[in-house]
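Lettering of chains follows the sequences in order, A, B, ..., and the numbering in each one begins at 1.
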Amino acid sequence: MSSSSDKRFLPEGRHLLMGNIAMVEGAISAGLTFFGGYPITPSTEAIEHLAKRLPEIGGCCMQMEDELASINSVIGASLVGAKSMTATSGPGLSLMTETISMAANLEIPFVFCDVQRTGPGTGLVTEPHHNDLGLMRFSGNGEFQVIAIAPMNCQELFDLTITAFNYAETYRCPVFLMSDAYLGHLHEVVNIPPKEEILKRVIKRESPEDAPARVFSYKDRETGEYVIPKPPIMGTDYCPGLFIHLPHGPEGLPTPKPMEFMEMMIEKIKSNIDKITMVDKYKLEDAEIVIIAYGLPVRTSYRAVEIARQEGIKVGLLRLITVWPFPDELVKEVVKDAKAVIVPELNYTGIIAEQVQRVTKLTTPIIKIGKVAEFHHPDDILKVIKEVAK
Amino acid sequence: MSGIAPMFPNEKPEHPYLQQSYGGKVFGNFASLFCGGCGYGIIGQIFTRIFEDEKLDPKLHPTVIGIGCYSQIMLLVHEAAQKVLALHGRAPAVATGMKMANPKMKPIVFSGDGDCLGIGGNHFIHICRRNVDCLIMIFNNSIYAMTGGQGAPTTLYGAKSTTTPYTMFENRTDGVKLALAAGAPYVARTTVAHPRTLMKYFRKALRHKGTSVIEIITPCVTYFGRKNLSNLGEEYKGEKGEKMDTGGKMIDWIKRNSVRINQAKFMTDEELFNKYIIGEFRYEPKPEYSDEYAKIQKIAMGGK
Ligand SMILES: Cc1ncc(C[n+]2csc(CCOP(=O)(O)OP(=O)(O)O)c2C)c(N)n1
Ligand code: SF4
């Protein structure tokens, strides 16, 4: 399927785009040619927009009969060499987990856009709630690692979707884009770079010319490094005779050593954590109080830091752009000398706060600021900063 | 499954249809993991035959296999075939994605009665409705064999299984009727006791562009046969049955319990109760999904 048509790229320049649309435009720029989805608020604009856009570039957008079918069609398309993705919300993610775990086993690359809404159950369909991370990082049975990326504005929804596709191609694991109901429906100006620049960033799906027999990841016995080959493509010579989702070796045949397979599943991501992790360190050099945030609360946190700094409080922000795999070492380093860590999250539990607790082994006080179905106001965070600074 | 692979010599015999399979590579012989008397071996062999005779291009016919005893067919069938094991019931959805991402392909789906008509019923209905070019084979052994002989949506009335120890009382699903209602253009049913007919249907389905559904009645000796008597479906005639504990007895029963479609026209519903009607039910090619989608793409691209 050719996607080289000019229509693939939005004209260079400034566009006013809705979050969900910026996200799928990013995907199309990254080479998306197959989308399988099922309507669910607040992600529906994604499938609606793609139904119009994908046929224009020779791709295919299918409204499947349910989420199970969406995700399975997505991996089917990915198996035959199409860059593919799906978009859904929490209830859809719950249904898809079995297939995500299968795709992880077979190292089938795809991107998963989760426009989160308030759960549990059907919940509040148009309100945000960063509740899916818990499910996302262990999405499905078995042991495997995923990558989760949390954009905070429409520009990033465009840019980071391209990154998500590149991660999927490179690391061959499920890659999640964590949007939410507010972000997905936000309208903002997005700067679209020239197409040459986008093309330079995009990793293409190609099978290597020599078509090696080792098509799945393995540990190189000499160097001890994890080798992640390019994704095999069905219908070409670069394809194992069998894709079978049980512990398998690099050629795809069942392995008598499941333990080694599990180790590979986890370590192929963990050993690359430095390359995967993206963070923004804002005024952290002399910070005594550290805020750790991801997604929408980052925007409020930047503001809170600004105001607090004006008042002379030494506070900084660690913004997690990739939320999972959780950058243990980096966080440990950042909060080493902190008096306290503040974690504003759009949930009650504090999913990332728990991770920080785990990393700091409870030596640093951690203050969670939870909100569900509403924004943090900078004052909410500022109040806590002031209390801690006292 | 017995799990005890019969041992064959390691070298390849001079036989056009005996291919060194994946199982052969792994186990160093031409192993089959099926129980003695199971019908899946016949189906695997027929697939390999067709693959050889028709010179199928493995690159154009990805084989999507569901979960059930028949999943082991992947170790048995032609080595060149590119096979993928799907999740339980999801094979039609995977095939849809493949076909639409690469419309040159024609996926072949292997699925069981529990797989396709139970857990994956929805996907099955919708692939038939869309008419995606794909060949779906439903292996109906009237039981959930892989998990140890539980009742399936296709289990015959009065049959015994581990979850219906006092006999099955639910109504059964008819895969053929379901496919017909959902709009599949080619629908047929046959049994492993009629391998030549099966090959005929298989060939026809390969040449037909659109969803083809072939339901194949196949014996499960281990979990269906051992628990049921050979008068199943014929109790009203007052026949005395015996345990169907060998492949031969089951094949006999399947033959007896099958009625040809043109005979069935003259039979009452009561007479057809618990019978398998075999034959071709529909062959009416109609516009195929990926072809129709190509038209949409043309419109979207600004062409006429
Ligand atoms: C989601 C899920 N549920 C249950 C199972 C367990 N399971 C594996 S095979 C099978 C039954 C398959 O029956 P059928 O499709 O009729 O094939 P058969 O074994 O009879 O050949 C079940 C229930 C599973 N693998 N996945
Ligand atoms: S279907 Fe029945 S006979 Fe065939 S392998 Fe499974 S348990 Fe054995």
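For NZ of B/Lys286, the number of neighbouring non-hydrogen atoms (other residues, nucleotides, ligands) closer than 6.0 Å is greater than 12.
Residue contact with chain A, scored on non-hydrogen atoms closer than 4.5 Å, is absent for B/Leu60. Proximity to chain B (any heavy atom under 4.5 Å) is restricted, for A/Leu79, to the side chain, taken from C-beta onward. Contacts between B/Arg130 and chain A at a heavy-atom distance below 4.5 Å involve the side chain alone, from C-beta outward.
Taking 4.5 Å as the limit, every side-chain heavy atom of B/His126 sits out of range of all side-chain heavy atoms of A/Asp66. Looking only at side-chain heavy atoms (C-beta outward), A/Met102 and B/Arg90 stay at 4.5 Å or farther from each other. Here the side chains of A/Val80 and B/Lys99 are not in contact, with every heavy-atom distance at 4.5 Å or above.
For the pair A/Ile57 and B/Met301, the tightest heavy-atom approach, listed with the atom from each and the gap, is C-CE, 4.2 Å. Here the closest heavy-atom approach between residue B/Gly302 and residue A/Lys7 is recorded as N-NZ, 4.4 Å.
Remark: A/Phe34 CZ to B/Asn102 CG distance equals 12.0 Å, nearest 0.5 Å. The line from CE of B/Met100 to SG of A/Cys61 is 10.5 Å long, rounded to the nearest 0.5 Å. In this structure, CD1 in B/Ile127 is found 10.5 Å from OG in A/Ser73, a value given to the nearest 0.5 Å. Atom-to-atom distance recorded for B/Lys83:NZ and A/Met234:CE is 9.0 Å, nearest 0.5 angstrom. Residue A/Met64 holds its CE atom at 4.5 Å from OG1 of B/Thr96, rounded to the nearest 0.5 Å. In this structure, B/Leu85 CG and A/Leu246 CG are separated by 7.5 Å, a value rounded to the nearest 0.5 Å.
With hydrogens and angles ignored, the 3.5 Å screen pairs a side-chain donor or acceptor of B/Gln82 with a backbone N or O of A/Thr236.
Chain A forms the most heavy-atom pairs under 4.5 Å with one residue out of B/His88, B/Lys59, B/Lys104, and that residue is B/Lys59. Between chain A and the residues B/Ile125, B/Asn122, B/Ile296, the most heavy-atom pairs under 4.5 angstrom are made by B/Asn122.
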